[in-house]
Every structure is written in C-alpha cells, then in structure tokens.
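Written out below as structure tokens is the structure these notes cover.
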Amino acid sequence: MMRTRPLKVALLGCGVVGSEVARIMTTHAEDLAARIGAPVELVGVAVRRPSKVREGIDPALITTDATALVQRGDIDVVIEVIGGIEPARTLITTAFENGASVVSANKALLAEDGAALHAAAEKYGRDLYYEAAVAGAIPLVRPLRESLAGDKVNRVLGIVNGTTNFILDKMDTSGAGYSEALDEATALGYAEADPTADVEGFDAAAKAAILAGIAFHTRVKIGDVHREGITEVTAADIASARRMGCTVKLLAICERAADGASVTARVHPAMIPLSHPLASVREAYNAVFIEADAAGQLMFYGPGAGGSPTASAVLGDLVAVCRNKLGEATGPGESAYTRLPVSPMGEVVTRYHISLDVADKPGVLAQVATVFAEQGVSIDTVRQQGRPDGGGEASLVVVTHRAPDAALSGTVEALRKLDTVRGVASIMRVEGE
C-alpha cells in the first residue's frame with residue numbers, strides 16, 4: 001500500500017543538472033511514487049539568481065536562502081548539486097542536523113572531506129548517497145559498495161572525464177593537435193570556457209579518490225592522488241602509440257598493493273593496447289574497468305556527464321534514500337575499516353615510453369642504455385630514426401619493462417644530463433597490459 005503523505009525534497013542548485021532533476025521529478029512523479037512507495041514533493045529550490053527564468057519550476061519554490069531551506073525541519077531529502085566546498089559542506093551537515101538525508105553530486109567536496117561528511121551522516125542517522133559524483137549515469141558507486149561488498153577489489157582502471165577523452169579521441173582519429181581538439185570540444189560544449197579542471201586532471205583526481213576509498217575500504221583524499229593532465233600530449237605521442245598498437249587515454253588508476261598493505265591512486269595520460277576494452281571508449285564517454293578476486297573483470301560504460309545522465313544518477317539515489325526513509329533505515333555508510341596507507345607515486349611499478357631528441361652519431365644508443373642500466377631499469381624495445389631534414393639529430397624512442405616510477409623518473413633526469421641528448425620530447429606511461 002502506498003503512503004499518501006509525500007516525502008519532501010529540497011533542491012540546492014538549479015543549473016544544468018538541478019533543472020533536469022526538477023523536470024524529471026515533475027514529469028515522472030507517478031513512476032517515482034510507484035517505485036518508492038510514496039509520492040515525493042519538491043518543496044524548495046535554492047538558487048543564487050532568483051530572477052532567472054526556470055521553465056517548468058514553480059517560482060514560489062525559488063529561494064536564495066539555502067540555509068533556511070535545509071533548516072526547515074520537515075525536509076526528508078536534500079539534493080545538493082551546487083558543487084564546490086563551501087557553502088555545500090555546511091549546508092549538507094546542517095541538513096543532517098535537521099533530519100534530512102542527502103543526495104549529492106559534489107565530487108570535489110566528497111574527495112576532500114568525505115570522511116567528515118560520512119561521520120556526520122552516521123552521527124545523525126542519515127543517508128549520504130553520491131552516485132552522480134563519479135561517472136554520471138554509469139552505476140558505479142553502488143556496485144562497488146554493495147554488489148562487490150563481499151569481494152576483494154584489486155584494481156580500478158577508468159576513463160572518468162569526458163572532456164579529455166573527447167580531446168584525445170579527436171587527436172587519435174583526425175590527427176589534430178591538442179589545441180585544435182580542445183577548440184572543437186569547446187565549440188561542441190564538451191569543454192568549459194576554462195577547461196583547467198578537466199585537462200589538468202583535477203576532475204579525474206577527485207573521482208579517483210572517491211573510487212579508491214570505496215573500492216579498498218580506506219580513506220583516500222584528493223591530495224593523495226598523483227595527478228597529471230593532458231596538455232603536454234602531442235600528435236607525435238599519439239602517432240607513436242599507434243605504432244605500438246596502442247592509443248592514449250587519461251586514466252584514473254587505483255590499485256591495491258600485491259601484499260595488500262597499501263593502495264595507490266593516480267591520474268595521468270597513458271598508452272593502452274588497442275586490445276584493452278578501454279581503448280574503444282570514444283568521444284565524451286566514460287568507462288571504468290574493475291578487477292576483483294571472485295568477480296574477475298568487470299566494465300561499466302556510458303555517458304559520464306551532462307544534465308540528463310547526471311540527473312538519472314541523482315534520481316536513482318533519491319529513490320534509494322526515500323525507500324530507506326520509509327523503512328526507517330539507512331543504507332551503507334562509509335566502510336573505511338582498513339585504514340590502508342596511500343603509497344607515493346615513486347613506489348608505483350609501471351612501464352615508460354620515452355621519446356628523446358639525440359645527436360645522430362655513433363655511440364649515442366650505448367650511452368643511453370648505460371643510463372638505464374645504472375638506474376636499474378630494463379629496456380624492452382628501442383627505435384631510432386634520423387630526422388628527414390638532417391641537422392645531425394635523430395629521434396630515439398625507448399620502451400621499458402616494468403620498474404618503480406621513482407627509478408624511471410631518475411632515469412629521465414640522468415638522460416637530460418647527457419651531452420648527446422638534446423631534449424626529452426615526451427614521457428608517457430604504458431598501462432593495461
């Protein structure tokens with residue numbers, strides 16, 4: 001039997017995602033009520049610009065006083081889609097204090113202060129759900145913390161930023177340079193006017209912190225995540241990857257150490273074999289590849305951003321939280337029971353693809369090989385090619401075997417000191433093999 005008294009919902013933020021959440025709550029009201037077991041009623045929408053026309057939203061619901069809205073005391077669920085650290089953090093904790101559970105899409109806040117938010121939710125007996133914070137419409141958070149709760153996740157490897165994937169895909173398929181591909185992404189609306197958060201890896205790093213925390217039942221903050229963006233990726237890097245049977249992707253990589261005593265989390269561009277499932281993820285799509293003991297290899301794929309996909313994840317959480325409310329229960333909270341340390345990037349074992357500009361004369365390869373040997377890094381393959389325009393220079397590409405990242409970094413620094421090395425053209429890790 002359906003309860004007739006509606007569950008009251010407050011919405012913080014009414015931009016691209018918030019307006020779509022409000023629209024779907026209105027147009028799909030009957031379906032939502034049937035799935036929840038009670039109707040849901042949007043009772044307030046907090047915004048910064050009240051004069052802006054918001055089609056389909058009753059102007060009487062609009063308020064600029066978000067604090068008063070979450071302090072009402074009769075709100076069942078607060079949906080937070082304003083982003084940023086403050087005032088979102090204070091509003092969420094205030095919502096908990098005043099009886100509301102929270103659905104959030106705020107990856108930056110969760111990556112920075114997720115432990116404190118979970119602690120506040122537990123203290124007041126509320127839910128904190130955030131499926132939309134990681135990969136848009138892709139169901140990922142709930143499978144990790146519920147479906148795989150009885151398994152041991154060892155690795156999470158993912159493309160979690162659509163803007164950078166679009167740019168790298170265009171560079172690969174059209175031969176465009178980075179700037180040209182970024183311009184196209186901006187024109188199509190895939191990149192913001194200021195794309196720094198995306199192209200420098202900040203967005204992906206926040207998501208990696210959240211994923212690592214859930215997957216390994218430990219606390220990982222964005223400051224623990226090694227981060228590199230894609231601004232230095234060149235058309236030559238893309239072409240070199242193609243010659244190796246690879247493509248270039250910005251990857252979020254979260255791993256449990258072989259001895260289980262620590263974890264690592266990193267974001268950087270990497271070459272991956274064309275045979276890997278992530279290599280076929282095109283344009284602005286996201287995908288996450290999970291490796292677990294019992295489940296084996298799993299892949300989650302779909303649109304990772306945009307109003308409708310993100311709103312879909314928000315509303316999925318809303319249904320779950322409302323069901324919990326009706327059952328006078330809460331869902332799974334933070335499960336950071338392992339308290340594993342996060343190892344520094346230097347301890348990560350990986351492969352490198354290094355492109356050098358060198359003097360075109362005998363003995364250069366021997367000097368380069370000596371540097372690798374002195375640093376304890378084994379060479380897998382070498383390709384040397386003279387420049388078409390001459391000039392006494394050649395291009396030397398070295399691909400290594402797996403070695404600690406610190407040793408590889410040390411190798412690059414030593415190479416830069418050689419008189420015969422005119423420059424290090426590019427450095428890229430090789431993953432997914």
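Heads up: numbering here begins at 1 and tracks the sequence.
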- With sequence neighbours left out, the residues meeting side-chain contact (heavy atoms from CB on, under 4.5 Å) with Thr173 are Asp169, Lys170, Arg282

Side-chain atoms of residues 175-195: list all donor-acceptor pairs with protein atoms under 3.5 Å, sequence neighbours left out, distances to 0.1 Å.
from: Thr186; atom 1: OG1; to: Leu182; atom 2: O; distance (Å): 2.9
from: Asp194; atom 1: OD1; to: Thr196; atom 2: N; distance (Å): 3.2
from: Asp194; atom 1: OD1; to: Thr196; atom 2: OG1; distance (Å): 2.6

- Task: Return yes if some donor-acceptor pair links the side-chain N/O of Arg54 with the main-chain N/O of Lys52 below 3.5 Å, else return no.
- Result: yes

- Residue pair Thr264 / Ser343: nearest heavy atoms and the distance that separates them: CG2-CB, 3.7 Å

- Query: Does Glu30 use its side chain to pair, donor to acceptor, with the backbone of Leu32 at less than 3.5 Å?
  - Reply: no

- Query: Side-chain contact, heavy-atom cut-off 4.5 Å: Ser101 with Lys325?
  - Reply: yes

- Begin from the C-alpha positions of Arg429 and Glu228 and carry the test salt bridge (Lys or Arg N to Asp or Glu O under 4.0 Å) through to its verdict. CA-CA 11 Å; Arg429 296 172 185 88; Glu228 299 173 26; 3.0 Å; yes

- Note on the structure: Smallest heavy-atom separation, Ala209 atom then Lys221 atom, equals CB-C, 3.8 Å

- Message: Quick one about His217 and Ser335 (side-chain donor to acceptor, distance below 3.5 Å, no hydrogens or angles considered), yes or no?
- Response: yes

- Message: Any heavy-atom pair between the side chains of Arg219 and Glu334 that's under 4.5 Å?
- Response: yes

- Message: Please check if the number of heavy atoms outside Arg383 that lie under 6.0 Å from its CZ is greater than 12.
- Response: yes

- Distance-minimising heavy-atom pair for Thr164 and Val199: CG2-CA, 3.8 Å

- Gap between atom OG1 of Thr26 and atom CD of Glu41 - 0.5 Å precision: 10.5 Å

- Message: Tell me if a side-chain donor or acceptor on Arg351 pairs with a main-chain N or O of Ala403 at a distance below 3.5 Å.
- Response: no

- Query: Are the side chain of Asn106 and the backbone N or O of Gly84 linked by a donor-acceptor pair below 3.5 Å?
  - Reply: yes

- Query: What pair of heavy atoms forms the shortest contact from Val47 to Cys14, and how long is it?
  - Reply: CG1-CB, 3.7 Å

- Which atoms form the tightest heavy-atom contact between Ala22 and Leu42, and what is the distance? CB-CD2, 4.0 Å

- Query: Backbone N or O of Val281 within a donor-acceptor pair of the Lys249 side chain at under 3.5 Å?
  - Reply: yes

- Message: Donor-acceptor pair, distance only, cut-off 3.5 Å: does the side chain of Asn286 make one with the backbone of Gly136?
- Response: no

- Would you call Ile253 and Val156 a side-chain contact if the rule is heavy atoms closer than 4.5 Å? no

- Query: Got Arg242 and Thr247 here, is their nearest side-chain heavy-atom distance under 4.5 Å?
  - Reply: no

- Between Ala265 and Val220, what is the shortest heavy-atom contact and its length? CB-CG1, 4.4 Å

- Item | 4.5 Å side-chain heavy-atom contact, Thr67 and Leu91 | yes

- Ring centres under 6.0 angstrom apart (His118, Tyr130): yes

- Take Ile230 and Ile167, measure what side chain to side chain contact (heavy atoms under 4.5 Å, CB included) needs, and give me the verdict at the end. CA-CA 9 Å; Ile230 66 166; Ile167 291 170; 3.9 Å; yes

- Item | Inter-residue atom distance Thr400.OG1 - His353.NE2, 0.5 Å rounding | 10.5 Å

- Using the side chain to side chain contact (heavy atoms under 4.5 Å, CB included) rule, take Met428 and Val233 through it: C-alpha gap first, then chi angles, then the decisive distance, then the call. CA-CA 9 Å; Met428 193 169 294; Val233 177; 4.0 Å; yes

Could you pull out every donor-acceptor pair under 3.5 Å between side chains of residues 299-315 and any protein atom, sequence neighbours left out?
from: Ser308; atom 1: OG; to: Glu20; atom 2: OE2; distance (Å): 3.0
from: Thr310; atom 1: OG1; to: Gly306; atom 2: O; distance (Å): 2.8

Give every donor-acceptor pair under 3.5 Å between a side-chain atom in residues 266-274 and any protein atom, sequence neighbours left out.
from: Arg266; atom 1: NH1; to: His268; atom 2: NE2; distance (Å): 2.9
from: Arg266; atom 1: NH1; to: Glu431; atom 2: OE2; distance (Å): 2.7
from: Arg266; atom 1: NH2; to: Glu255; atom 2: OE1; distance (Å): 3.0

- Query: What's the spacing between Ile36 CD1 and Arg323 CZ if we round to 0.5 Å?
  - Reply: 7.5 Å

- Query: Quick one: do the Thr330 and Asn324 side chains pair a donor with an acceptor below 3.5 Å?
  - Reply: no

- Task: Kindly determine whether Glu291 and Leu157 satisfy side chain to side chain contact (heavy atoms under 4.5 Å, CB included), including the steps that lead there.
- Result: CA-CA 8 Å; Glu291 299 174 10; Leu157 180 74; 5.6 Å; no

- Item | Residue pair Glu86 / Thr90, side-chain donor-acceptor N/O under 3.5 Å | yes

- Message: Has Asn165 got a side-chain atom pairing as donor or acceptor with Glu283's backbone, closer than 3.5 angstrom?
- Response: yes

- Message: Distance check, rounded to the nearest 0.5 Å: Ser104 atom OG versus Leu117 atom CG?
- Response: 8.0 Å

- Return the set of residues passing salt bridge (Lys or Arg N to Asp or Glu O under 4.0 Å) with Asp237 (not counting sequence neighbours), or none when no residue passes. none

- Query: Any side-chain donor paired with an acceptor under 3.5 Å for Thr411 and Gln375?
  - Reply: no

- Is there side-chain contact between Ser240 and Arg243, with at least one heavy-atom pair below 4.5 Å? yes

- Message: Is it true that Tyr352 and Asp405 share a donor-acceptor pair across their side chains at a distance under 3.5 Å?
- Response: yes

- Task: For the residue pair Val382 and Val397, establish whether any side-chain heavy-atom pair is separated by less than 4.5 Å.
- Result: no

- Task: Give a yes or no answer on whether the side chain of Asn98 reaches the backbone of Thr94 with a donor-acceptor pair at less than 3.5 Å.
- Result: yes

- Query: How about Tyr129 and Val102: do any of their side-chain heavy atoms sit closer than 4.5 Å?
  - Reply: no

Would you be so kind as to tabulate the donor-acceptor pairs closer than 3.5 Å made by side chains of residues 146-154, with sequence neighbours excluded?
from: Asp151; atom 1: OD1; to: Ala294; atom 2: N; distance (Å): 2.9
from: Asp151; atom 1: OD2; to: Ala294; atom 2: N; distance (Å): 3.3
from: Asp151; atom 1: OD2; to: Ala295; atom 2: N; distance (Å): 2.7
from: Asn154; atom 1: ND2; to: Asp293; atom 2: OD1; distance (Å): 2.7

- Message: Please check: side-chain N/O of Thr338 versus main-chain N/O of Phe216, any donor-acceptor pairing under 3.5 Å?
- Response: yes

- Item | Donor-acceptor contact present, side-chain Asp58 to main-chain Leu61, <3.5 Å | no

- Message: Would Val160 and Val288 count as a side chain to side chain contact (heavy atoms under 4.5 Å, CB included) here? Give the steps.
- Response: CA-CA 7 Å; Val160 294; Val288 176; 3.8 Å; yes

- Query: In terms of heavy-atom contacts, does CZ of Arg49 have more than 12 from other residues, nucleotides or ligands at under 6.0 Å?
  - Reply: no

- Rounded distance [0.5 Å steps], CD1 in Ile427 versus CG in Leu408: 10.0 Å

- Item | Atom pair CD1/OH of Ile159 and Tyr285 - distance to nearest 0.5 Å | 13.5 Å

